[in-house]
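Counting starts at 1 for both ligands and their atoms, following the listed order. We count residues from 1, following the sequence as given.
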Amino acid sequence: MALCTVSTTPSLHSPFCASNPTKTCFRFSQRQQVIFYTSGWRGSRRGGNNNSEGFYCSAEAKTVVIGLAADSGCGKSTFMRRLTSVFGGAAEPPKGGNPDSNTLISDTTTVICLDDYHSLDRTGRKEKGVTALDPRANNFDLMYEQVKAIKEGVAVEKPIYNHVTGLLDPPELIQPPKILVIEGLHPMYDPRVRDLLDFSIYLDISNEVKFAWKIQRDMAERGHSLESIKASIEARKPDFDAYIDPQKQYADAVIEVLPTQLIPDDNEGKVLRVRLIMKEGLKHFSPVYLFDEGSTISWIPCGRKLTCSYPGIKFFYGPDTYFSHEVSVLEMDGQFDRLDELIYVESHLSNISTKFYGEVTQQMLKHADFPGSNNGTGLFQTIIGLKIRDLYEQIITERAATPAEAAKV
Ligand SMILES: Nc1ncnc2c1ncn2[C@@H]1O[C@H](COP(=O)(O)OP(=O)(O)OP(=O)(O)O)[C@@H](O)[C@H]1O
Ligand SMILES: O=C(CO)[C@H](O)[C@H](O)COP(=O)(O)O
């Protein structure tokens with residue numbers, strides 16, 4: 001069992017440590033203006049608003065933190081539903097909490113939306129003439145403090161940005177989960193937050209495709225006009241280019257979504273070319289490969305074993321560099337006609353971190369109604385979900401093997 005340690009000053013005469021030799025204890029100070037709830041020892045203890053100091057003790061197992069970055073309307077929620085499904089159980093908003101909460105909790109994962117760290121509400125942004133993508137509209141100090149606290153096993157009171165009213169609502173309590181996913185515009189923008197991530201993903205949706213998806217959602221589902229959608233995309237573009245897009249250079253995996261190359265001059269945007277770009281050399285992540293690791297392969301699986309209507313399906317796999325990093329790229333252009341036949345493609349992929357033969361196909365069939373289930377977006381999101389499960393299991397296995405060291409980290 002781990003010894004009780006105090007993070008700021010060693011061997012403090014803490015009554016918590018004295019009676020809790022299996023916990024890691026931290027000194028807290030309310031002067032930091034971060035409201036912490038203590039956890040794991042005699043119920044919960046909350047700091048007041050004075051300049052009080054005290055201790056909180058965390059359980060040994062710490063939270064694995066995953067970052068998912070993308071612009072609004074680029075499929076983050078869909079990806080999160082696929083990821084939580086890999087771990088089983090439904091993801092739901094906190095019980096009895098704010099009905100407009102952006103948080104989703106399941107047995108294993110808690111997904112928090114980084115919009116909750118907007119420091120300016122809708123009116124405030126309008127008055128200052130900044131978009132939500134601008135770092136000046138977000139509180140990165142609080143984001144860092146709270147993600148760090150959760151990672152260390154400490155519950156926090158996180159603000160809520162209410163997308164219905166455009167206001168900042170009273171905070172909600174977030175308990176440390178096994179896996180915390182921080183999704184939103186800026187999970188990799190602040191270097192301090194970035195360093196807390198055990199794995200990071202960027203959804204890179206090309207402008208043409210983003211436009212098609214936004215029209216589909218905002219026109220069909222939200223009644224917006226075509227002109228207003230165009231205007232909103234244009235208004236966000238400079239800040240998107242300045243603050244959101246550059247984060248992809250830090251991502252461990254990027255899912256790039258482009259128009260198809262199988263239909264000359266396609267402008268419908270329905271058939272997609274999707275590229276999964278995976279960093280090489282990471283400790284808990286080994287890239288997926290097709291047929292032969294490290295080779296360059298082009299594969300058309302259509303024929304006797306895979307039904308394909310026009311324009312067919314084409315896979316590509318090979319090594320590349322991405323922002324000076326060595327990467328492997330798996331690409332799929334086209335779409336599946338019959339999802340049950342995906343097993344044929346799955347059986348030619350390696351390192352997909354499945355627990356049984358056909359698990360990718362099973363997951364895809366389970367969520368056949370999710371957007372992107374017939375193309376590379378759904379396939380690669382599912383595979384990344386399985387890789388995250390594998391990464392999590394590797395990390396906890398390592399911690400179990402060296403508990404004392406793990407508790408000190
Ligand atoms: N893989 C996909 N294929 C086709 N359309 C998609 C795909 N993913 C998302 N979409 C479209 O984009 C819309 C937004 O998806 P989703 O809600 O998952 O994005 P989001 O990033 O969470 O959005 P927001 O941040 O605005 O809440 C969906 O309603 C759907 O129309
Ligand atoms: O980019 C966004 C994050 O998804 C939103 O535009 C931002 O959070 C502001 O939200 P709202 O439009 O509800 O005020």
Side-chain angles (χ1 to χ4, degrees), residues 68-84 91 100-104 111-127 130-135 137-139 159-169 181-187 189 201-206 208-222 224 228-229 231-233 235-237 239-240 243-245 255-260 268-276 332 334-336 364 367-382 384:
L68 173 67
D71 196 5
S72 162
C74 285
K76 296 185 297 293
S77 313
T78 311
F79 188 1
M80 284 304 104
R81 288 196 288 161
R82 288 192 198 278
L83 174 69
T84 45
D100 294 329
S101 166
N102 301 308
T103 302
L104 285 174
V111 180
I112 62 171
C113 173
L114 297 180
D115 294 350
D116 289 334
Y117 292 99
H118 289 337
S119 52
L120 296 175
D121 63 13
R122 204 175 282 157
T123 313
R125 291 195 299 271
K126 209 169 177 185
E127 279 168 5
V130 293
T131 71
L133 300 90
D134 190 316
N138 295 279
N139 186 344
I160 299 174
Y161 177 73
N162 188 322
H163 282 275
V164 180
T165 61
L167 298 170
L168 287 157
D169 282 352
V181 184
I182 58 169
E183 61 95 354
L185 298 169
H186 303 101
Y189 181 81
I201 307 127
Y202 185 91
L203 300 182
D204 188 6
I205 316 298
S206 66
E208 302 93 315
V209 176
K210 200 192 282 187
F211 189 54
W213 288 2
K214 239 182 151 39
I215 287 175
Q216 147 75 27
R217 185 181 68 172
D218 293 355
M219 256 178 104
E221 295 168 24
R222 298 187 179 174
H224 297 185
S228 75
I229 297 169
S232 133
I233 291 182
R236 291 168 71 94
K237 190 145 185 347
D239 283 352
F240 173 78
Y243 309 119
I244 313 303
D245 193 59
I255 299 181
E256 214 172 71
V257 185
L258 303 151
T260 182
E268 253 195 272
K270 283 210 175 115
V271 183
L272 301 175
R273 177 164 77 104
V274 188
R275 287 159 57 82
L276 175 59
M332 175 183 161
Q335 53 193 34
F336 301 110
M364 291 280 283
H367 302 299
D369 56 327
F370 285 8
S373 288
N374 64 344
N375 64 36
T377 59
L379 176 62
F380 296 159
Q381 287 177 4
T382 302
I384 290 296

**Report entry** Backbone of L272 reached by a side-chain donor or acceptor of T260 within 3.5 Å
**Finding:** no
Query - K210 side-chain N/O to D204 backbone N/O, donor-acceptor pair under 3.5 Å - result: no
Report task. Ignoring angles and geometry beyond distance, decide whether K76 reaches within less than 3.5 Å of ligand 2 through its nitrogen or oxygen atoms. Result -> no
Report task. Could you tell me whether H118 and ligand 2 have an N or O pair separated by under 3.5 Å? Result -> yes
Query raised in the report: Based purely on interatomic distance, does G73 place a nitrogen or oxygen under 3.5 Å from a nitrogen or oxygen of ligand 1?
Result: yes
Query - W213 N/O under 3.5 Å from ligand 1 N/O - result: yes
Heavy-atom pair with the smallest gap, counting every atom of [X] and [Y]:
{"X": "A137", "Y": "R125", "value": "CB-CD, 4.1 Å"}
{"X": "K214", "Y": "S72", "value": "NZ-OG, 4.0 Å"}
{"X": "K270", "Y": "Q335", "value": "O-OE1, 3.6 Å"}

Nearest protein heavy atom with distance in Å, relative to [atom]:
{"atom": "atom 17 (O) of ligand 1", "value": "S77 OG, 3.6 Å"}
{"atom": "atom 18 (O) of ligand 1", "value": "T78 OG1, 2.6 Å"}
{"atom": "atom 31 (O) of ligand 1", "value": "Q216 CG, 3.3 Å"}
{"atom": "atom 9 (C) of ligand 2", "value": "R125 NH2, 3.4 Å"}
{"atom": "atom 13 (O) of ligand 2", "value": "H163 ND1, 2.8 Å"}
{"atom": "atom 30 (C) of ligand 1", "value": "P371 CG, 4.2 Å"}
{"atom": "atom 14 (O) of ligand 2", "value": "Y161 OH, 2.5 Å"}
{"atom": "atom 13 (C) of ligand 1", "value": "R217 CD, 3.9 Å"}
{"atom": "atom 19 (O) of ligand 1", "value": "G75 N, 2.9 Å"}

Atoms of ligand 1 close to [X] [distance to a heavy atom under 4.0 angstrom, numbered from 1]:
{"X": "K76", "value": "18 (O), 19 (O), 20 (P), 21 (O), 22 (O), 25 (O)"}
{"X": "G372", "value": "1 (N), 2 (C), 3 (N)"}
{"X": "C74", "value": "19 (O), 20 (P), 21 (O)"}

Mind checking whether [X] and [Y] have side chains closer than 4.5 Å, heavy atoms only?
{"X": "Y117", "Y": "L185", "answer": "no"}
{"X": "V274", "Y": "I255", "answer": "yes"}
{"X": "D121", "Y": "T165", "answer": "no"}

Working to the nearest 0.5 angstrom, can you tell me the gap between [X] [atom1] and [Y] [atom2]?
{"X": "L120", "Y": "Y161", "atom1": "CG", "atom2": "OH", "answer": "10.0 Å"}
{"X": "T78", "Y": "H367", "atom1": "OG1", "atom2": "NE2", "answer": "11.5 Å"}
{"X": "C113", "Y": "H163", "atom1": "SG", "atom2": "NE2", "answer": "5.0 Å"}

Report task. Give the numbers and elements of all ligand 2 atoms closer than 4.0 Å to a heavy atom of D115. Result -> 3 (C), 4 (O), 8 (O)
Requested in this report: Report, in ascending order of atom number, the atoms of ligand 2 lying under 4.0 Å from any heavy atom of A132.
Outcome: 7 (C), 9 (C)
Query raised in the report: Which residue from R236, E183, K126 reaches closest to atom 5 (C) of ligand 2 through any of its heavy atoms?
Result: R236
Query raised in the report: Between T131 and ligand 2, which part of the residue brings a heavy atom under 4.0 Å of the ligand: side chain, backbone, both or neither?
Result: neither
Requested in this report: Classify the contact between R122 and ligand 2 as side chain, backbone, both or neither, using a heavy-atom distance cut-off of under 4.0 Å.
Outcome: side chain
Query raised in the report: Would you say the side-chain atoms of S373 and R82 include a donor-acceptor pair closer than 3.5 Å?
Result: yes
Query raised in the report: Between D116, D115, L168, T103, which is the residue that forms a side-chain contact (heavy atoms from CB on, under 4.5 Å) with I160?
Result: D116
Query raised in the report: Heavy-atom contacts under 4.0 Å between T377 and ligand 1: side chain, backbone, both, or neither?
Result: side chain
